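This one's a predicted model, so the numbers in the text were calculated from it and none came from an experiment. For the numbers below, each heavy atom of this structure counts, side chains included, while hydrogens, waters and symmetry mates do not.
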Amino acid sequence: MRFFTSILRTPLFSFVKSISFLRPYHNYSPALLDKCKHLKQLNQILSQTIVTGLFHSDPFVSSKLLLNSLSNCFHQDDPLGFSHTLFLQIPKPNIFAWNFMFRAYSNSSCPTECLMLYNLMRHTQILPDNYTFPFILKACARLSLLEKGREIHAVSLNLGLEVDVFVQNALISMYSLCGMVETAHTVFNALPVLVRDVVSWNSIISGCMQTHAHYGKALKLFGGLLGDNNVRPNEVSIASALSACAKLSSLDLGKKIHAFMITGGFKLDVFISSSLVDMYAKCGQTDDAQNVFDRIPDKNVVCWTAMIACYVQSDLYKEAIELFREMQLARVTADSATVACVISACGHLGALDQGRWIHGYCERKGIEMNLSVWNALIDMYSKCGDLNKAFENFHFLTQKDVFTWTVMITGLAMNGESDQALQLFSQMEVSNSVRPNDVTFLGVLSACSHGGLVEKGSHYFEVMSQKYNLTPRIEHYGCMVDLLGRANLLVEAQKFISAMPIEPDVVIWRSLLFASWCHRNIDLAEFAANQIEELEPRRCGARVLLANAYAATSRWNDVKRVRKAMDEQSIEKQPGCSFVEVNGVIREFLVDDFSHGRRDEILDIVTRINNILQHVQVDPDI
DNA sequence: GTAGGGTTAG
């Protein structure tokens with residue numbers, strides 16, 4: 001192909017062009033071109049049209065050839081290069097040829113090229129038409145070029161396209177993707193009711209969803225679409241509405257839309273099914289998500305990822321990794337969204353070997369390493385205790401977002417590096433590129449708590465609301481109680497709880513109970529345990545801690561009393577549980593659980609597994 | 001022309 005591309009630029013090409021009038025025209029056949037699926041065939045036809053002169057004299061022929069090369073996309077590394085060269089050889093491309101190029105570039109990885117070509121066209125006699133504008137506006141939207149978009153809008157008005165529904169729909173999308181939802185609404189409202197179609201509705205709905213997170217507004221608009229007698233919603237409308245329900249965790253409405261879909265005879269395609277899986281997942285309905293997922297016949301990467309993400313969101317990390325494995329066996333290649341979820345699962349399990357393997361998998365499979373993946377990796381390495389590797393990746397990133405800073409700060413805090421965590425937070429503030437959010441402050445406060453830095457903690461608690469206008473959530477109050485409690489400031493901790501503007505939950509009382517136990521304050525421990533019992537009468541955690549507190553002060557009768565009460569109410573102690581990675585295999589261990597064998601037996605099994613693994617050739621991607 | 005999945009958390 002490269003050979004041919006270069007031919008187009010050579011003097012030989014000009015020579016053939018100049019003698020082409022000598023040849024007859026009858027070799028070209030449009031029907032033949034429609035069937036052409038290989039570069040070699042296209043080259044043959046193209047050569048014929050050049051030799052016969054048709055390529056340069058008949059705009060229909062050159063446009064048809066261009067369209068064929070674009071739709072076949074012959075070269076994977078540079079999918080549009082060949083077509084672009086071909087296009088430049090057309091002496092006076094008609095509007096069809098221009099629009100083919102605009103369409104291709106507006107969907108490509110370099111939409112800028114679309115605008116460059118548009119500028120080129122504006123220097124010719126050819127005027128844009130109603131097909132041109134949607135492509136150019138899409139390129140503006142993808143590049144967030146609001147001013148350029150406005151300019152194009154003005155040109156379209158000059159050409160009298162204010163009631164063309166294709167152009168208006170593209171304007172709605174462009175304005176909302178450029179952050180101008182209000183203007184998008186103005187365009188939508190200005191469309192005569194009989195002109196509006198389902199794409200107009202879908203465009204304004206997804207506009208509300210994408211950049212400004214106006215999920216409630218999106219659902220109201222979906223209601224408006226249902227009430228529009230001239231338009232019937234389609235699969236795109238349903239997918240957007242489900243996505244809004246997912247974002248709002250609105251299970252009732254999500255179920256209603258699911259029912260509406262079934263009764264309305266909508267096609268349950270892989271797109272809608274993925275939205276359904278996600279909706280049930282975000283509403284905490286793992287079983288329903290699983291049911292929908294199991295029934296999807298041709299599962300693609302998106303629905304696999306939606307289900308893996310569902311497991312991660314429900315803290316089912318082992319299941320998430322297992323499903324990823326099944327996805328490998330189904331020969332579906334993961335993408336950046338999938339690996340971000342799976343890496344997160346590895347982090348939560350402390351599965352460093354698996355996490356490293358997935359890092360390598362990304363490199364082997366050429367998965368796009370976007371910021372979400374790097375953030376998940378940094379988080380995974382620090383959760384697994386490999387702070388050096390986490391830092392190495394953190395420093396490697398030239399662009400950092402609020403997740404990047406937050407995972408690193410939190411990672412340092414949880415590894416006991418409080419001073420370093422606070423230093424990094426200062427760096428974040430100085431860099432002034434990213435604004436910390438409420439989760440960043442959870443990291444900062446937990447660093448203070450683990451380092452016993454009471455004054456600093458109180459300072460940052462103030463900074464959070466006063467400087468950054470962030471309202472502390474129950475989690476932040478929890479950090480503060482933990483901070484005061486660990487520092488043996490039990491009275492202050494109790495006062496702090498009383499002064500909280502929100503009702504304390506069990507986690508707050510558990511922190512106080514734990515601190516009271518550590519510092520042997522039995523009265524306060526009893527008080528906190530009572531509070532927990534009121535909130536969670538069937539759970540045993542508080543009583544176990546209280547019994548431990550009595551034991552720590554040798555109050556054996558009280559220990560017996562608490563244990564007896566637990567027995568009488570048939571409340572059993574929940575066994576502690578932890579995950580251990582043995583040569584990349586995640587094993588779950590419970591306290592007093594010998595299902596994996598006794599210690600020497602476990603070691604024996606581990607040795608045997610190691611021996612087997614040494615002699616087995618495992619496909620590294622399965 | 002419009003559509004689905006992702007990273008941080010006491």
* Asked: How far does CD1 of A/I296 sit from OG of A/S274, to the nearest 0.5 angstrom?
  -> 5.5 Å

* Give one of base, sugar-phosphate or nothing for A/K247, where a contact means two heavy atoms less than 4.0 Å apart. => sugar-phosphate

* Non-neighbouring partners of A/F96 that pass ring pair (Phe, Tyr, Trp, His ring centres under 6.0 Å), sequence neighbours left out -> none

* To do: Identify whether any heavy atom of A/V301 sits under 4.0 Å from a base atom; if not, whether one sits that close to sugar-phosphate; answer base, sugar-phosphate or nothing.
  => base

* To do: Quick one: pull up CG in A/L490 and CG in A/L512 and give me the separation to the nearest 0.5 Å.
  => 6.5 Å

* Assign A/V167 to base, sugar-phosphate, or nothing according to its heavy-atom contacts below 4.0 angstrom with the strands shown. => nothing

* Asked: With sugar-phosphate meaning primed atoms plus P, OP1 and OP2, does A/D505 contact a base, only sugar-phosphate, or nothing at under 4.0 Å between heavy atoms?
  -> base

* Taking the side chain as every heavy atom from C-beta outward, state whether A/M327 and A/L323 have any atom pair closer than 4.5 Å. => no

* To do: Pick base, sugar-phosphate or nothing for A/A170, based on heavy-atom distances below 4.0 Å to the nucleic acid.
  => nothing

* Looking for any heavy atom pair under 4.0 Å, which part of the strands does A/V373 touch: base, sugar-phosphate only, or nothing? -> base

* To do: Determine, for A/R510 against A/E536, whether the closest basic-nitrogen to carboxylate-oxygen distance falls under 4.0 angstrom.
  => yes

* Structure fact -> Outermost contacting nts on DNA chain B, any atom under 4.0 Å from chain A heavy atoms, listed 5' then 3', are B/dG1 to B/dG10

* Report the residues that fulfil ring pair (Phe, Tyr, Trp, His ring centres under 6.0 Å) with A/F133, sequence neighbours left out, ordered by chain and then residue number. => none

* To do: Select base, sugar-phosphate, or nothing to describe what A/I508 touches, counting heavy atoms under 4.0 Å on all strands.
  => base

* Asked: Base, sugar-phosphate alone, or nothing: which one does A/D438 contact when heavy atoms must sit under 4.0 Å apart?
  -> nothing

* Would you mind classifying the nucleic acid contact of A/S336 as base, sugar-phosphate or nothing, using non-hydrogen atoms under 4.0 angstrom? => base

* Look at all strands and tell whether A/S200 reaches a base, only sugar-phosphate, or nothing, counting heavy atoms closer than 4.0 Å. => nothing

* Asked: Looking for any heavy atom pair under 4.0 Å, which part of the strands does A/V407 touch: base, sugar-phosphate only, or nothing?
  -> sugar-phosphate

* To do: Tell me what A/K299 touches on the nucleic acid: a base, only sugar-phosphate, or nothing, going by heavy atoms under 4.0 Å.
  => nothing

* Could you check whether A/Q313 gets within reach of a base, just the sugar-phosphate, or nothing at all, counting any heavy atom under 4.0 Å? => sugar-phosphate

* Asked: Does some side-chain heavy atom of A/Y460 sit less than 4.5 Å from a side-chain heavy atom of A/F425?
  -> yes

* Asked: Reckon A/S243 touches a base, only the sugar-phosphate, or nothing at all at heavy-atom distances under 4.0 Å?
  -> sugar-phosphate

